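Take a look at the structure below.
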Amino acid sequence: AAAAAARGRIVVESDLPPVEVPKETLPQYLLRRSAHLSEQPCVTCAVSKRSLSYAQVREASRRWALALASQLDLRPGHVVALLLPNMPEYLPAVQGALLAGLSVTMANPLYTAEELRRQFGDAGARVVATVPALAATARAAVGPATPIVLLPAPDAASDAAHAAPPADALHWKALLEAAGAGTAALPEGDPDAVAALPYSSGTTGLPKGVMLTHRNLVANIECMSVPQLRHVQDAEEGQEVILTVLPFFHIYGFNGVLNLAVASGSHSISMPVFTPEAYVRSLIEYKPTLLAVVPSLLQFLAVHPAVTSEMLQSVRVVVSGAAPATEALLNKFRLKCGRDDLVVSQGYGMTETAPVTLLVPLAVRREKETSIGRVIPNTRARVLRADGADAAPREHGELLVTGPQLMKGYLNNEKATQETIDEEGWLHTGDVVYYDEENYFYIVDRTKELIKVKGNQVSPTELENLVMELPEVADCAVVGIPDDRHDELPRAFVVLHPNKKLSEEQIKKHIEPRVVKYKRLEGGVIFLDKIPRNPSGKILRQVLKAWKPEQ
Ligand code: 4UU
């Protein structure tokens, strides 16, 4: 049977020549690629206007590395948690930890203490780097023995809003000043060590730590930097100005934008929170040449009356990913721009692949705009039909990918790793796709449990567990329902114990204080007599997704 399967195998390879992946850690790689830059701006906050040059990022990274090693006594392999909004210091906070041989786990700054406790506990975080406004939440999420380091507030407004920070908190500025004269040697650095531990629920279950090595992250940047794909041009050709509100804790913002931007010598414009006003002001003020977006942001640009075509004239490239962008949306955006030459390039990525595996080349023809990309260098893809055979062009099936960007595995979860990456090293994405005769891929459906709300991950299992905490509830299943403005919204189907009463409001009230806003049950709560399951007990999510009130 194996021989038959092997004979019928159809692997889609990149038509671009393979890239030699440098044997460097991420900080070594970024330092080398941006070594010729010093006073040029690296990251600027659109709200506070605080800016770090390339030289300042290097110096702050070095000092933070020394502070972590000598003042906080962390050793290679230890984990630093970052609970930070998008801000210029995000970059040295990551790079310094990596220079010291540590790993970083990046958390959503809007998470509740309960959500953070799970992530930081699972990752084994030794230190939490955060901002004054989040210090109390950070303290509630970790034990009293875990040091908390306070970075400067991202902007004056959030500085004014915060209560007095915990007395035992350490201060980033003081630590960096003390480290200034430090000459302690930093470890040489191991490219195969785990660099980042973002959390993803993958195809099933609760969020899991995704072990991304330096090599995974470096390989992905290097493979996206080939001239045929290069969306971000090198500083010598004119420094790219990249406006992004995509969170740096998520792999798209982290490696797909921020690290890639540094490697290319770009100027990144960061925003701690998205507001239409701040975004529009930044378009006018910074005249970005590149926008990194998710479909819900593209929707904002396309329909919001405050966004005009004049503001979009500086934009050379728009990259979209993380959720499906419909042809209608892409056309609406083009109409708003009033520019036929501005074609949105989609990329397809996953946390587990650091993130990109498919990318549409920059010089894309308009009829390929709905494609999620072609295979990037060093990467291979297969499409597995429902009957187990490899798909030919235009046949639908599950996307399988492999390449140097594939995660090392899920942290402390060999079972989930094996369920995701098969013995031959193919990662099963849980996405249904097809490819055309020119090897452009198109998204059809997502068959894994994962719900995406404005590009953010929502794990149904996590919400089901919370609903099940209510004693009145006998069974529960959560699925995503399509929504124009949010991509999807979580909807709960609930079975109550006989003679028990519970309202939709009561269930929502139970969930609300425990989770970040986008995980709320905005798709509603539906009471059923029974959750449809297959004989082995697996929830039939497709049946629930198709549920209609008149049933
Ligand atoms: C339809 O969302 C991401 C990463 C996205 C990304 C990063 C860098 C896109 C382009 C880029 O340049 O990661 P996760 O782990 O949060 O979610 C992964 C899932 C995929 O399995 C798929 O279901 O997000 C969905 N997805 C997409 N869906 C990702 N990209 C796309 C896309 N169209 N272009």
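Computed from a predicted structure; not experimentally measured. When a ligand or atom number is given, it counts from 1 through the structure's own listing order.
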As a quick check of understanding, evaluate side chain to side chain contact (heavy atoms under 4.5 Å, CB included) for L301 and Q299, giving each step before the final call. CA-CA 5 Å; L301 289 169; Q299 167 83 10; over 6 Å; no
Atom pairs and distances, side-chain donor-acceptor, residues 12-21, under 3.5 Å, sequence neighbours left out:
unit_1 : atom_1 : unit_2 : atom_2 : d
S14    : OG     : L16    : N      : 3.1
S14    : OG     : V375   : O      : 3.1
D15    : OD2    : R374   : NH1    : 3.2

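For E462, the salt bridge (Lys or Arg N to Asp or Glu O under 4.0 Å) criterion is met by R118, K519, not counting sequence neighbours.
Contact residues of ligand 1 (protein heavy atom closer than 4.0 angstrom to a ligand atom; sorted by chain and number): H250, Y252, G321, A322, A323, P324, Q346, G347, Y348, G349, M350, T351, P355, V356, I372, D431, I443, R446, K448, K452, Q457.
Listed by first and then second residue, the ring-ring contact (aromatic ring centres under 6.0 Å, His included) pairs involving residues 360-399 are H396-Y434 (not counting sequence neighbours).
Residue S270 is tested with V257, V43, T244, L258 for a side chain to side chain contact (heavy atoms under 4.5 Å, CB included); the sole match is V43.
A donor and an acceptor atom, one from each side chain of E327 and T370, are nowhere located under 3.5 Å apart.
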